[in-house]
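FYI, the numbering just counts along the sequence from 1.
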Amino acid sequence: MNSDTGGQNVSGVTPLYYDFKDVLVPGELKPVKKSSYIVQSHGLTAGILAFKGRVDRGALIAFFKENMIRDAWKTIGSFASSRTILLFEKENRWCVININEGDFSTHVEIGVVPMVSENVGGLMK
């Protein structure tokens with residue numbers, strides 16, 4: 001996973017961009033490489049990046065909502081309970097952010113996938 005710096009932070013640790021160059025991640029979250037996978041093809045990066053850290057769920061939700069808008073993502077919807085899911089759309093991609101607050105750390109999965117544009121004869125194309 002690659003990382004670049006930029007954007008607003010949760011507590012003072014500099015946030016980073018990883019493989020998805022337009023999804024900022026709080027610096028308090030550390031990558032979980034064994035639970036992450038990325039596919040790069042034809043200029044498109046897709047997959048799931050997993051992170052964990054001791055960060056308040058509410059602070060994470062606010063961080064992602066604010067910074068995704070700054071990176072030109074459109075908020076599609078969300079739901080919050082013990083597990084929170086945030087859904088965003090941008091050009092030809094979807095981003096799903098899954099936040100699970102555990103007893104000792106918070107787990108975050110960021111999934112970015114290409115948008116399926118048409119349905120032909122029951123088959124997605």
Side-chain angles (χ1 to χ4, degrees):
M1 284 185 271
N2 303 316
S3 61
D4 300 316
T5 61
Q8 296 284 64
N9 60 14
V10 173
S11 71
V13 180
T14 302
L16 303 169
Y17 288 98
Y18 288 85
D19 292 274
F20 307 130
K21 299 300 182 194
D22 54 358
V23 178
L24 192 62
V25 178
E28 296 84 358
L29 294 176
K30 301 303 174 205
V32 180
K33 292 182 181 182
K34 69 179 183 175
S35 299
S36 300
Y37 59 92
I38 294 295
V39 176
Q40 295 178 327
S41 177
H42 304 289
L44 178 69
T45 301
I48 295 178
L49 293 176
F51 299 89
K52 73 176 186 176
R54 294 186 55 110
V55 184
D56 174 71
R57 183 176 58 90
L60 281 174
I61 293 167
F63 175 91
F64 283 118
K65 284 184 175 182
E66 179 179 334
N67 286 289
M68 293 296 278
I69 290 169
R70 286 185 183 183
D71 281 326
W73 289 89
K74 177 182 172 190
T75 302
I76 299 300
S78 65
F79 77 86
S81 63
S82 59
R83 172 180 169 180
T84 297
I85 295 181
L86 307 172
L87 181 60
F88 301 91
E89 174 186 24
K90 183 178 190 180
E91 298 160 0
N92 62 345
R93 297 176 296 149
W94 292 96
C95 179
V96 178
I97 300 175
N98 180 22
I99 302 169
N100 287 302
E101 193 170 44
D103 291 335
F104 302 106
S105 63
T106 302
H107 298 266
V108 176
E109 292 179 325
I110 301 170
V112 174
V113 296
M115 203 176 287
V116 177
S117 60
E118 61 182 275
N119 185 337
V120 178
L123 299 175
M124 294 299 200
K125 185 174 171 184

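For Lys90, the NZ atom counts as densely surrounded, since its 6.0 Å shell holds more than 12 non-hydrogen atoms of other residues, nucleotides or ligands.
The line from OG of Ser78 to CD1 of Ile76 is 11.0 Å long, rounded to the nearest 0.5 Å. Atoms CZ and OG1, on Phe79 and Thr84 in that order, are 7.5 Å from each other to the nearest 0.5 Å. Residue Lys33 holds its NZ atom at 11.0 Å from CG of Leu49, rounded to the nearest 0.5 Å. Considering CZ of Phe88 and NZ of Lys74, their distance stands at 12.5 Å, rounded to 0.5 Å.
Judged by distance alone, the side chains of Thr106 and Arg54 never bring a donor and an acceptor atom under 3.5 Å apart.
Using a 4.5 Å cut-off on side-chain heavy atoms (C-beta onward), Cys95 and Leu87 make no contact. Side chains of Val25 and Tyr18 form a contact here, defined as non-hydrogen atoms less than 4.5 Å apart. Within the 4.5 Å cutoff, the side chain of Ile61 has no heavy atoms near those of the Phe63 side chain. No side-chain heavy atom of Asn92 sits less than 4.5 Å from a side-chain heavy atom of Pro114.
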Can Glu109 and Ile97 be said to form a side chain to side chain contact (heavy atoms under 4.5 Å, CB included), step by step?
-> CA-CA 6 Å; Glu109 292 179 325; Ile97 300 175; over 6 Å; no
Taking it one step at a time, do Phe64 and Leu24 satisfy side chain to side chain contact (heavy atoms under 4.5 Å, CB included)?
-> CA-CA 8 Å; Phe64 283 118; Leu24 192 62; over 6 Å; no
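Using a 4.5 Å cut-off between side-chain heavy atoms of Ile, Leu, Val, Met, Phe, Trp and Tyr, with links allowed through other members, Val113 and Ile85 fall into the same hydrophobic cluster. By the criterion of side-chain heavy atoms lying less than 4.5 angstrom apart, applied directly or through intervening Ile, Leu, Val, Met, Phe, Trp or Tyr residues, Ile48 is not grouped with Val32; the two fall into different hydrophobic clusters.
Nearest heavy atom pair, residue Thr45 against residue Asp19, reads CG2-O, 3.9 Å. In this structure, Gln40 and Ile38 approach most closely via the heavy-atom pair CG-CG2, 4.0 Å. The two residues Phe20 and Gly47 come nearest to each other via the heavy atoms CZ-O, 3.5 Å.
The closest donor-acceptor contact from the side chain of Trp73 to the backbone of Asp22 lies under 3.5 Å. Side-chain atoms of Glu101 come within 3.5 Å of backbone N or O of Arg57 as a donor-acceptor pair. Ser81 places a side-chain N or O within donor-acceptor distance of the main-chain N or O of Arg83, the cut-off being under 3.5 Å.
Taking the charged nitrogens against the carboxylate oxygens, Glu89 and Arg93 have no contact shorter than 4.0 Å, which rules out a salt bridge.
Checked against Pro26 for a side-chain contact (heavy atoms from CB on, under 4.5 Å), the options Val13, Val108, Leu60, Leu16 give a single hit: Leu60.
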